[in-house]
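Have a look at the structure below before the remarks.
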Amino acid sequence: MIILKSSRELAIMRQAGRIVAQVHERFREVVRPGITTADLEKVASRIIEQEGAIPSFKGYRGFPAAICASINEEIVHGIPSPKRVLEEGDIISLDVGTIYKGYQGDAAITLPVGKVDEEVWRLLQVTQGALKAGIAQSHAGKRLGDISAAIQRHAEVNGFNVVREYTGHGIGQEMHEDPQIPNFGRPNRGPRLRPGMTFALEPMVMAGDWRTRTLSDGWTVVTADGSLSAHFEHTLAVTNGEPEILTKL
Ligand code: MG
């Protein structure tokens, strides 16, 4: 069941989202060659605690950390570790979730570490563009398939592929509410969007094939062919006007 949120609930979700955005803002400042993903975990945990929120990922189905930190061919669900040192030319996807006063915020960004190749930079731009294309469809009266199709089209016309197994999702008091929002699909299908719907769109785009596998840690998802992957996500609300991004400063 899709749960519509009241303006009071949206006000709280805005706060949860702002804390996620603060963490990402700090990540933009500190990500550089030599830093470890455990360092980034500490940065995130400190901000989330200072802001009176809870890291929603920690303990979720047994996930051991507050953030997912996924490097290069890792798509999502990478576990922070002091052994994972970022190197010049890497890309790192940083997914962060918070719970504030019982409501959730969830967003992801992929950052370049130092200077990256032009084609790598293009992967980041296209993935961010795919998210924007999905947000542009998130108007009352549109249908979920319009979002999925727009995300897929943007990635594919630019020569990349979208993940199949991992989807966007409704969000509110739970991190994963109905509906699921695949990163591929056909327009004019699925439920119609209504004001008060809140969901997270999260295209994961790979430079190569879309097939994935999970590493032996039981969490880290990588591209099966070892190609690079990027991930951008926002939590947003459907309104009577423009879609509202909740995970922003
Ligand atoms: Mg999400």
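Numbering of ligands and ligand atoms starts at 1, following listing order.
For the pair Pro179/Leu144, a side-chain contact is recorded, criterion being any heavy-atom separation below 4.5 Å from C-beta on.
Contacts of Glu25 classified as salt bridge (charged side-chain N to carboxylate O under 4.0 Å, His left out), with partners at least two apart in sequence or in another chain: Arg28.
Protein contacts to the Mg ion (ligand 1) involving N, O or S atoms at a distance below 2.8 Å are Asp106 OD2, His169 NE2, Glu202 OE2, Glu233 OE2.
Within the 3.5 Å criterion, the main-chain N or O of Arg192 finds no donor-acceptor partner in the side chain of Arg143.
Counting side-chain heavy-atom gaps under 4.5 Å among Ile, Leu, Val, Met, Phe, Trp and Tyr, the cluster of Met175 also holds Phe57, Tyr60, Phe63, Ile79, Trp219.
Listed by first then second residue, pairs satisfying side chain to side chain donor-acceptor pair (under 3.5 Å) with a partner in residues 76-86 read Glu74-Arg84, not counting sequence neighbours.
For the residue pair His234 / Glu202, no side-chain donor-acceptor distance below 3.5 Å is found, with atom types taken as modelled.
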